[in-house]
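Here the structure comes first, spelled out in structure tokens, and everything after it is commentary.
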Amino acid sequence: MRLIQNMCTIAEYPTSGSAAADCCGGAAGRRLVKIAVVGASGVGKTALVVRFLTKRFIGDYERNAGNLYTRQVQMEGETLALQVQDTPGIQVHENGLSCSEQLNRCIRWADAVVMVFSITDHKSYELIGQLHQHVQQLHLGARLPVVVVANKADLLHIKQVDPQLGPQLASALGCSFYEVSVSENYNDVYHAFHVLCKEVSHKQQPSGTLEKRRSSLIPRPKSPNMQDLKRRFKQALSAKVRTVTSV
Ligand SMILES: Nc1nc2c(ncn2[C@@H]2O[C@H](COP(=O)(O)OP(=O)(O)OP(=O)(O)O)[C@@H](O)[C@H]2O)c(=O)[nH]1
């Protein structure tokens with residue numbers, strides 16, 4: 001996947017995907033991949049999205065109200081319109097998740113979700129299981145591609161989450177897992193988005209396209225050679241004539 005620079009626009013919550021795609025200049029008509037980034041407050045969601053889109057780590061942000069970033073990306077020879085929705089941090093209460101209607105709208109809108117926790121915040125890790133269940137419920141059981149990201153890997157000295165817990169949880173949920181340090185490493189961040197984008201892109205391929213590709217690989221039976229057919233017909237005919245005259 002290759003990010004196409006200078007095509008970024010930021011908008012408030014979208015009402016329609018295509019309208020947002022239009023505003024990134026020439027993206028209309030392209031396939032659209034919509035990714036929502038969710039997780040507890042302060043885990044680094046905004047930092048992660050900004051790092052992915054700009055390769056830069058910016059230390060401090062206003063508390064997030066939910067921005068949508070649109071960008072064109074090159075994926076397997078095709079230019080896709082990628083939309084990444086940053087979301088407000090989820091508050092964890094005693095009796096479970098408390099998701100605002102704004103957040104639920106983002107989750108319903110998305111083709112795929114990045115679930116972020118911080119290795120320095122055990123509660124943010126505990127949230128992931130519930131959040132995953134909530135996301136699948138909002139998508140009425142249709143399996144939505146999800147990647148689990150453990151952030152702040154540079155803060156090992158204050159970690160609260162054992163390193164093996166993240167991969168175990170992700171595998172139990174059937175998701176890919178990435179441990180990243182948004183502040184120190186761009187490549188892992190890029191790979192997490194890349195894997196997700198690819199999964200969505202493959203899921204979106206109309207079955208007809210795959211069928212078409214497959215059928216173009218299967219050799220077609222050759223059409224019968226007319227000259228050959230005529231020759232054989234003549235041979236058969238003359239043999240019959242010979243048999244008749246000899247009787
Ligand atoms: N050390 C370190 N700090 C990070 C990292 N990623 C983010 N931070 C810091 O964590 C804090 C929270 O980052 P945000 O990106 O605002 O987190 P958020 O999840 O968007 O927070 P909300 O908007 O409240 O939901 C900021 O001070 C970031 O600089 C990281 O990988 N390492």
Side-chain angles (χ1 to χ4, degrees), residues 3 8 10-14 34-71 82-93 96-107 109-110 112-132 134-135 138 146-163 165-167 169-170 175-196:
L3 291 174
C8 181
I10 302 173
E12 283 298 292
Y13 282 89
K34 296 173 289 181
I35 295 179
V37 179
V38 300
S41 193
V43 294
K45 298 181 297 299
T46 306
L48 178 85
V49 173
V50 171
R51 180 66 136 158
F52 170 62
L53 294 171
T54 67
K55 294 193 179 178
R56 277 180 292 170
F57 174 67
I58 297 162
D60 271 308
Y61 301 93
E62 301 257 313
R63 283 199 73 183
N64 179 281
N67 286 330
L68 176 76
Y69 301 79
T70 300
R71 179 62 61 92
L82 173 66
Q83 293 189 326
V84 184
Q85 179 71 64
D86 191 4
T87 63
I90 298 167
Q91 307 296 325
V92 190
H93 295 294
L97 272 189
S98 152
C99 294
S100 64
E101 189 42 42
Q102 188 186 25
L103 177 65
N104 287 342
R105 258 197 298 145
C106 286
I107 294 171
W109 161 91
V113 172
V114 178
M115 290 186 183
V116 191
F117 71 88
S118 164
I119 68 156
T120 63
D121 176 358
H122 202 272
K123 281 206 155 57
S124 72
Y125 159 79
E126 288 166 19
L127 187 76
I128 300 294
Q130 298 172 57
L131 195 49
H132 186 269
H134 183 66
V135 165
L138 287 180
V146 171
V147 64
V148 175
V149 171
N151 187 28
K152 306 198 186 181
D154 55 297
L155 298 179
L156 269 180
H157 54 290
I158 51 166
K159 80 168 179 343
Q160 290 184 2
V161 183
D162 280 342
L165 287 181
L169 175 67
C175 311
S176 315
F177 174 79
Y178 284 88
E179 184 171 279
V180 306
S181 165
V182 170
S183 68
E184 293 193 344
N185 188 309
Y186 166 72
N187 286 342
D188 297 334
V189 172
Y190 170 85
H191 280 123
F193 278 92
H194 179 252
V195 160
L196 205 52

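Whatever order the structure lists ligands and atoms in, that order sets their numbers, starting from 1.
Residue-ligand proximity, Ser181 to ligand 1, at heavy-atom distances under 4.0 Å covers atoms 31 (O). Of all atoms in ligand 1, listed by their number and element, those nearer than 4.0 Å to a heavy atom of Ser41 are 22 (P), 24 (O), 25 (O). Every atom of ligand 1 with a heavy atom of Lys45 under 4.0 Å away is listed here by number and element: 15 (O), 17 (O), 18 (P), 19 (O), 20 (O), 21 (O), 22 (P), 25 (O). Close approach of ligand 1 to Val182 (heavy-atom distance below 4.0 Å) involves ligand atoms 6 (N), 31 (O). Every atom of ligand 1 is numbered from 1 in the order shown, and the set under 4.0 Å from a heavy atom of Gly89 is 25 (O). Heavy-atom proximity to Thr46, at under 4.0 Å, picks out these atoms of ligand 1: 15 (O), 20 (O). Of all the atoms in ligand 1, the ones that sit under 4.0 Å from a non-hydrogen atom of Gly59 are 26 (C), 27 (O), 28 (C), 29 (O).
In terms of N/O distances under 3.5 Å, ligand 1 is not approached by Ile58. Checked against a 3.5 angstrom limit, the closest N/O atoms of Pro88 and ligand 1 fall outside it. Polar contact check, Leu155 against ligand 1: no nitrogen or oxygen pair lies under 3.5 Å apart.
Remark: the backbone N or O of Leu53 is paired with a side-chain donor or acceptor of Arg71 at under 3.5 angstrom. With His191 contributing its side chain and Asn187 its backbone, the two residues share a donor-acceptor pair below 3.5 Å. In terms of modelled atom types and a separation under 3.5 Å, the side chain of Thr70 and the main chain of Gln83 share no donor-acceptor contact. When atom types are taken as modelled, the side chain of Gln85 and the backbone of Asn67 share a donor-acceptor pair closer than 3.5 angstrom.
For atom 14 (P) of ligand 1, the nearest non-hydrogen atom from the set Gly44, Ser124, Ser183, Ser118 comes from Gly44. Among Val180, Val116, Asn151, the residue whose heavy atom lies nearest to atom 5 (C) of ligand 1 is Asn151. Comparing Asp154, Thr87, Ile119 by heavy-atom distance to atom 2 (C) of ligand 1, the nearest is Asp154.
A tilted orientation is assigned to the rings of Tyr186 and Tyr190, their planes being inclined by 30° to 60°. Using cut-offs of 30° and 60° on the angle between ring planes, the pair Tyr125 and Phe117 is perpendicular.
A donor and an acceptor atom, one from each side chain of Gln130 and His134, are nowhere located under 3.5 Å apart.
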